[in-house]
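Values below: all heavy atoms of this structure, side chains included; hydrogens, waters and symmetry mates excluded. In listed order, ligands and their atoms are each counted from 1. For this chain, numbers begin at 1 and follow the sequence in order.
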Amino acid sequence: MIETLQSVPPEFDTPTYRDVLSQLDAAAEWVHLDRNIWKRLRLPQRALCVTVPVRMDSGDVHVFQGFRVQHDSSLGPTKGGVRYHPAVDLGEVAALAMNMTLKCALVGLPYGGAKGGIRCNPKNMSRGELQRLTRRYTTEILPLIGPDHDIPAPDVGTNDQVMAWMMDTYSQQRGYAVPGVVTGKPICIGGSLGREEATGRGVVYVTMEVLRRLGIKAEGATAVVQGFGNVGSVAARFLTSQGIRVIGVSDSACGVYNNRGLNVADLISYKKAKHTFEGYPGGERITNEALLELPCTILVPAALSGQITEDNANRLQCRVIVEGANSPTTRGADEILKERGIFAVPDILANSGGVIVSYFEWVQDLQKYFWKEKEINDKLHEVITTAFNKVFEFSATENIDMRRASMVNAIKRLADAHLVRGLYP
Ligand code: NAD
């Protein structure tokens with residue numbers, strides 16, 4: 001059946017796109033998805049490539065490439081982050097947009113999926129260059145975005161300041177403040193309490209449900225976290241607060257390991273001051289490769305895609321993987337993990353805390369009425385644990401893994417929306 005589907009157009013044909021697509025195909029086949037909806041979901045609805053010329057501090061003009069992809073809008077406006085990274089390409093952005101559609105559908109949000117990105121190295125750019133890059137990119141994608149249309153958010157290499165520039169650029173064009181055009185903004189311009197920590201917090205809410213369901217006690221459990229940015233550092237902090245011993249963490253340069261447990265608050269301060277774990281006195285230095293293979297109860301990949309591969313999946317020594325990052329596990333690795341009985345919670349479920357609280361932020365912006373942090377965290381807990389338990393029970397009843405069960409639940413919701421809306425014209 002899959003062979004007779006349209007092949008992937010060359011502009012999207014990258015390893016990340018092929019991985020996400022093969023997961024979609026496998027779940028669509030399993031659930032006997034209507035063939036016409038299946039064909040439609042394999043490709044994004046819209047993909048915009050933009051050229052972003054920026055006057056650099058040197059006086060030269062550098063021309064960057066940017067993208068915004070909207071995968072599916074059957075459930076509502078599209079939603080997804082903006083990534084600034086040297087490896088950004090159209091295929092990766094399209095794959096991440098497809099993932100967003102599935103994620104929003106899975107956790108019951110009234111959104112479709114989108115993603116954006118600029119191929120650049122934000123670490124080598126000044127604040128002024130980043131601001132000019134962001135404002136010009138926002139202007140170029142302006143026809144696609146808006147609070148009822150497509151709502152960007154932060155992702156790798158972007159943050160609340162970048163969202164503030166995007167919100168301001170959009171608002172200047174409209175002539176009035178439009179906070180609902182982006183989420184993940186600073187609180188003072190309509191951001192939500194709890195948004196910055198939401199993804200890492202959600203990862204930990206899911207982890208605690210996994211431990212409960214598998215009958216593993218937090219006390220005595222150990223965790224390893226790859227990536228120490230927004231998601232990884234918050235997840236590590238909350239894991240510790242739940243009594244779980246965090247024994248290893250890393251960033252793109254190197255990692256730190258201490259079997260007795262790391263002091264995460266201390267690590268956060270150290271990293272903030274030195275921008276590296278190099279020289280940290282509370283643990284041994286460890287490479288990123290070795291970090292993933294440490295014996296532990298819970299492994300949280302919270303860096304980039306494609307970290308758990310056919311090469312290292314056989315050497316992992318964890319019982320549970322909770323995917324903080326998007327697409328950290330390749331399709332081949334996934335098969336190995338399944339055979340080895342490692343319990344994996346897929347990205348579209350495990351890291352959905354970010355988009356759930358982004359949804360709360362958007363609702364607050366539209367209502368112009370803001371909620372207390374406790375209310376936000378309680379609602380996040382309710383939405384993410386309800387989704388987790390629904391998937392867990394479905395996976396047990398149908399005897400399928402959590403990734404397949406998540407995909408199938410998401411696809412069913414999308415199929416219902418497509419079928420009832422019908423095909424235009
Ligand atoms: P970030 O830029 O804040 O942090 C990324 C971290 O990963 C940094 O510490 C970086 O040094 C590290 N890193 C990069 N390459 C690495 C490598 N090869 N090995 C080890 N570490 C490496 O980004 P983030 O917002 O924390 O996002 C991390 C992941 O989570 C991404 O896959 C992103 O798409 C996903 N995600 C983020 C959110 C969110 O709300 N921020 C929501 C859902 C999913």
Pull out every atom of ligand 1 sitting under 4.0 Å from any heavy atom of [X], numbered as shown with elements.
{"X": "Val156", "value": "2 (O), 23 (O), 27 (O), 31 (C), 33 (C)"}
{"X": "Gly227", "value": "7 (O), 12 (C), 21 (N)"}
{"X": "Phe228", "value": "6 (C), 9 (O)"}
{"X": "Ala325", "value": "29 (C), 30 (O), 32 (O), 35 (C)"}

| request: For Val322 and Ile298, run side-chain contact (heavy atoms from CB on, under 4.5 Å): C-alpha distance rounded to whole Å, both residues' side-chain angles, the deciding distance at 0.1 Å, then the answer. | output: CA-CA 7 Å; Val322 182; Ile298 308 138; 4.1 Å; yes

| Would you call the rings of Tyr17 and Phe12 parallel, tilted or perpendicular, where under 30° means parallel and over 60° means perpendicular? | parallel

Return yes or no for this condition: an N or O of [X] is under 3.5 Å from an N or O of ligand 1.
{"X": "Asn326", "result": "yes"}
{"X": "Gly354", "result": "no"}
{"X": "Asp155", "result": "yes"}
{"X": "Asn230", "result": "yes"}
{"X": "Pro154", "result": "no"}
{"X": "Lys271", "result": "no"}
{"X": "Leu304", "result": "no"}
{"X": "Ser252", "result": "yes"}

| request: Flag the pair Ser74 / Leu414 as yes when at least one side-chain heavy-atom distance between them is below 4.5 Å, and no otherwise. | output: yes

| said: If you define the side chain from C-beta out and look only at heavy atoms, does anything of Glu197 sit under 4.5 Å from Phe238? | reply: yes

More than 12 heavy atoms of other residues, nucleotides or ligands under 6.0 Å from [atom1] of [X]: yes or no?
{"X": "Glu196", "atom1": "CD", "answer": "no"}
{"X": "Lys390", "atom1": "NZ", "answer": "no"}
{"X": "Gln173", "atom1": "CD", "answer": "yes"}

| ligand 1 versus Asp251, non-hydrogen atoms closer than 4.0 Å: side chain, backbone, both, neither? |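 The part of Asp251 near ligand 1 is both the backbone and the side chain.
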
| request: Report the part of Asn288 (side chain from C-beta onward, or backbone N, CA, C, O) that has a heavy atom under 4.0 Å from ligand 1; answer both or neither where that applies. | output: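 Within the 4.0 Å criterion, Asn288 contacts ligand 1 through side-chain atoms alone.
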
| message | Between Tyr270 and Phe277, is the ring centroid distance below 6.0 Å? | response | no

[atom] - nearest protein heavy atom and its distance:
{"atom": "atom 24 (P) of ligand 1", "answer": "Val231 CG2, 3.9 Å"}
{"atom": "atom 4 (O) of ligand 1", "answer": "Gly229 CA, 3.2 Å"}
{"atom": "atom 31 (C) of ligand 1", "answer": "Ala303 O, 3.0 Å"}
{"atom": "atom 39 (C) of ligand 1", "answer": "Thr199 OG1, 3.4 Å"}
{"atom": "atom 18 (N) of ligand 1", "answer": "Gln307 OE1, 3.9 Å"}

| query | With a 4.0 Å cut-off, would you call Asp168 and Arg135 a salt bridge? | reply | yes

| query | Is there a heavy atom in Gly157 that sits closer than 4.0 Å to ligand 1? | reply | yes

| Is there a heavy atom in Arg195 that sits closer than 4.0 Å to ligand 1? |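 A heavy atom of Arg195 does come that close to ligand 1.
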
| task | Could you tell me whether the side chain of Asn351 and the main chain of Val203 form a donor-acceptor pair under 3.5 Å? | result | no

| Distance-only, no hydrogens or angles: does the Glu323 side chain make a donor-acceptor pair with backbone N or O of Asp347 under 3.5 Å? | yes

| field | Contacts of type side-chain contact (heavy atoms from CB on, under 4.5 Å), residue Gln367, not counting sequence neighbours | value | Val363, Tyr369, Trp371

| message | Under a 3.5 Å threshold, yes or no: a donor from one side chain and an acceptor from the other, between Ser192 and Gln364? | response | yes

